[in-house]
Amino acid sequence: MEPLRQLAKEKLDGKKVIAVMSAKGGVGKSIISSLLALSFSNVENTILIDMDIHTMATTKLFGFEGKLHDVGKDGIEPFKANSLGIVSLGGIVKDNYVLLPGGNNEEVMESLIAYTNMKNTKRIIFDLPPGLGDEVLVLERLTKYYPIVVTTPSKVSVKVVEYLVKYLSERNNKPLLAVNMSYFDCGKIVHPFGEIENVKSLSEKYN
Amino acid sequence: MEPLRQLAKEKLDGKKVIAVMSAKGGVGKSIISSLLALSFSNVENTILIDMDIHTMATTKLFGFEGKLHDVGKDGIEPFKANSLGIVSLGGIVKDNYVLLPGGNNEEVMESLIAYTNMKNTKRIIFDLPPGLGDEVLVLERLTKYYPIVVTTPSKVSVKVVEYLVKYLSERNNKPLLAVNMSYFDCGKIVHPFGEIENVKSLSEKYN
Amino acid sequence: MHEWSVADAIIRTVINWASENHVKEIVKVKVGIPSYSFLDLEILKEAFDTMKKDSVLDNAELDVEFKEPTFKCRNCGFTFTSSDVKDQLDSVRSEFGEEYPLHLMPALAPSFLKCPKCGSHDIITQTQDITIDGIEVKESGTTEAVS
Amino acid sequence: MHEWSVADAIIRTVINWASENHVKEIVKVKVGIPSYSFLDLEILKEAFDTMKKDSVLDNAELDVEFKEPTFKCRNCGFTFTSSDVKDQLDSVRSEFGEEYPLHLMPALAPSFLKCPKCGSHDIITQTQDITIDGIEVKESGTTEAVS
Ligand SMILES: Nc1ncnc2c1ncn2[C@@H]1O[C@H](COP(=O)(O)OP(=O)(O)O)[C@@H](O)[C@H]1O
Ligand SMILES: Nc1ncnc2c1ncn2[C@@H]1O[C@H](COP(=O)(O)OP(=O)(O)O)[C@@H](O)[C@H]1O
Ligand SMILES: [Mg+2]
Ligand SMILES: [Mg+2]
Ligand SMILES: [Mg+2]
Ligand SMILES: [Mg+2]
Ligand code: NI
Ligand code: NI
Ligand SMILES: [Zn+2]
Ligand SMILES: [Zn+2]
């Protein structure tokens, strides 16, 4: 009997869930999940949940640093950025760092999901941390989700991200591959992290 | 009694240890630790150990993908890039992904250290993963180390990296802050991730 | 107010269990809670009694045991309990107020506690969150189901 | 050849323990090893006997118990042992040869094993690496020190 898991599962039941993922850090997961969530929030009630428990970038991106989530009878109240709800561990620990042994990660992640007030919410977007660990295992235990795997076109990033694409394909949970074509316009368009060719073989290999 | 930890501790005893760290992903830890290690290897016997067990970027940066470490009576033999020794979990799992619950991370990290052949090695450089978890705790359990904390000058990265700088300062293990001033020359010098001003307040705050 | 979410988790879990085991009426639910979460027993019971209505838990009583988990420092080996770090806990609680981090998420303990002997955050503990330690049903006497 | 590193870890740990406890001579060291690491007992004993020379372990015997840990799937709840995933283990061993990943690092098991029931990698296990389960000393009879 696992009360935390039970509550987390039931909270997500019936919601449309997207997970923005990558095995590599700094590829634009938080940027892309934020933009995506803002877009969806114009269409239906959406909450963005930041699962990166060590960086908590979302509070920094949206300007909620130093703020604490309200906690009511329905749970943790998301911060509001226009019509988008935002939940981050940063709204629980304020400006403290989060330093934890690996065995504690899953419980913190499950808590963040279980205790969020999701009433009237139709869509949940998860901003996942780098790596291939608890975040993937926890999500899979709790819900079906639509994976968006983010990479830059650099060769190293593409190779690292292939681990995750391979894993998801094996689990019959085929991802959408989002290539962060961050570019620079200084008279001509330049792509500092590489050209699209680096990604094509990955796309073709996993269809 | 912990045989794995005992062996790891004794392997590192008397070595000069640097840890290239950051709470944030994609800031250049692997790039900087690789360049640093190559430099030191021209001066003294040096091994670079990649502690990022999910991305294993070092095999990709140095061209050792698909290769397995030899394992002899003295342990795991580092790959050789000129005079630099390189140890990566990639040399144990080949091209398989590494997907693990958090509770298993520390044992894999301790194993990587414990079982490496460090005979005649004077300096160990650790390339750490993003986050603030087992990698920091494991290293602290095993050895004294010199921390190099890497950031780009972007505001979000600087804020995230402050967690680690704060933690290390509390532990009286003051880091060297390395700012990855990746720039673009297209007629004039441009810094896509921000200007040095974003870092100055962090430097001043933690001296 | 986090107590309401805790009650919600308990109720949903027990209802799910009752459904899977064809149980019609539950008399008592025994739960364990780490002492350092400082959950308010009165609020927890109030929330439980409010949310259990019109369910298989209608007549159920909530029996709460506050547990005193042992912490172990992985850096120096020292073991301690939350009474040994009372000053640290008080300090965090005063910084945050009622809904302090370990109230909401006991698993965050290593981030907020330092070993009283060596100062390290490298701390592990066995019990971290709410547990359901026993359920008594009406029908055939006592049934114990441990989480 | 990984057996040599395992012997090295055992010897250093026991020497360290003997030093801290003022023990002069050790008669037997009992160790536990997960079965799925497929360590070679003969090579392990050879390595132990070679490396123990001129130490407090000079006359010590190595007593090895291959343990059969239980795996639990966190996705569907199924429990199993390594004999239930023999085909998977054989497949990995044939891919890598003798120094296969779980030989070197038993903690990597979840990456290489899938639940036989649901196919998930979400697997936990209690025993993961080498343990020192007992030490017998010469002086005052049997002393048990469990890791
Ligand atoms: N398309 C983009 N254009 C400009 N900056 C970007 C873009 N994508 C990412 N960045 C920057 O790169 C850094 C890493 O992005 P982030 O979303 O935090 O990555 P992740 O969440 O994968 O670690 C941030 O400083 C971010 O501002
Ligand atoms: N100074 C730099 N110049 C050019 N590219 C860089 C520089 N620093 C980092 N990069 C690129 O940024 C990406 C992230 O760098 P990496 O060293 O892998 O970061 P981390 O190890 O912190 O995740 C890689 O694609 C790398 O090639
Ligand atoms: Mg990275
Ligand atoms: Mg991010
Ligand atoms: Mg990141
Ligand atoms: Mg890296
Ligand atoms: Ni409360
Ligand atoms: Ni071997
Ligand atoms: Zn301590
Ligand atoms: Zn299963």
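Proteins get letters first, then strands, A, B, ... in listed order; numbering begins at 1 in each. Predicted model, so just to flag it, every value in this text is computed and none were measured.
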Quick one, B:Asn96 and D:Glu95 - any side-chain contact, counting heavy atoms below 4.5 Å?
yes

Do other residues, nucleotides or ligands put more than 12 heavy atoms under 6.0 Å from the CG atom of B:Asn82?
no

Mind checking the CE-CD spacing from D:Met1 to B:Glu77? Nearest 0.5 Å is all I need.
10.0 Å

Using a 6.0 Å cut-off, check whether atom NZ of B:Lys122 has over 12 heavy atoms from anything other than its own residue.
no

To the nearest 0.5 angstrom, please state how far the CD1 atom of B:Ile76 sits from the CG atom of D:Leu104.
5.5 Å

Inspect the surroundings of NZ in D:Lys86 and state if more than 12 heavy atoms from other residues, nucleotides or ligands are less than 6.0 Å away.
no

Quick check: do D:Ile130 and B:Leu4 have side-chain heavy atoms less than 4.5 Å from each other?
no

Measure distances from D:Phe112 to the heavy atoms of chain B and classify the residue's part below 4.5 Å as side chain, backbone, both or neither.
side chain

Do B:Asn104 and D:Leu108 have side chains that get closer than 4.5 Å, going by heavy atoms?
no

What are the two closest heavy atoms between D:Asp8 and B:Lys11, and how far apart are they?
OD2-CE, 4.3 Å

D:Ser111 and B:Val93, any side-chain heavy atoms less than 4.5 Å apart
no

Does the side chain of D:Met105 come within less than 4.5 Å of B:Leu89's, by heavy atoms?
yes

NZ/B:Lys155: more than 12 non-hydrogen atoms of other groups inside 6.0 Å:
no

Show, in sequence, the C-alpha distance, side-chain angles and deciding distance for D:Phe96 and B:Leu68, and conclude whether the side-chain contact (heavy atoms from CB on, under 4.5 Å) test is met.
CA-CA 9 Å; D:Phe96 283 89; B:Leu68 286 176; 3.8 Å; yes

CD-CD1 distance between B:Glu10 and D:Ile11, expressed to the nearest 0.5 angstrom:
11.5 Å

Interchain contact, B:Ile92 with chain D, by part (heavy-atom threshold 4.5 Å)
both

Looking only at B:Gly103, B:Gly75, B:Pro101, most heavy-atom pairs under 4.5 Å shared with chain D are made by B:Pro101

Within this structure, what is the OG1-NZ distance for the pair D:Thr13 and B:Lys9, rounded to the nearest 0.5 Å?
10.5 Å

Highest number of heavy-atom pairs under 4.5 Å with chain D among B:Glu110, B:Glu106, B:Glu107 belongs to B:Glu107

Check: D:Asp129 and B:Ser111 side chains under 4.5 Å, non-hydrogen atoms
yes

For D:Ile123, which atoms come within 4.5 Å of any heavy atom of chain B: side chain, backbone, both, or neither?
backbone

Contact check, side chains of D:Pro110 and B:Leu99, non-hydrogen atoms, under 4.5 Å:
no

Any chance CG of B:Asn42 has more than 12 other-residue heavy atoms, nucleotides or ligands included, within less than 6.0 Å?
yes

Can you find a pair of side-chain heavy atoms, one from D:Trp4 and one from B:Asp74, that are under 4.5 Å apart?
no

To the nearest 0.5 Å, atom NE2 of D:His121 lies from atom OH of B:Tyr97 at 3.0 Å

Rounded to the nearest 0.5 Å, how far apart are CG of D:Asn16 and CD of B:Gln6?
4.0 Å

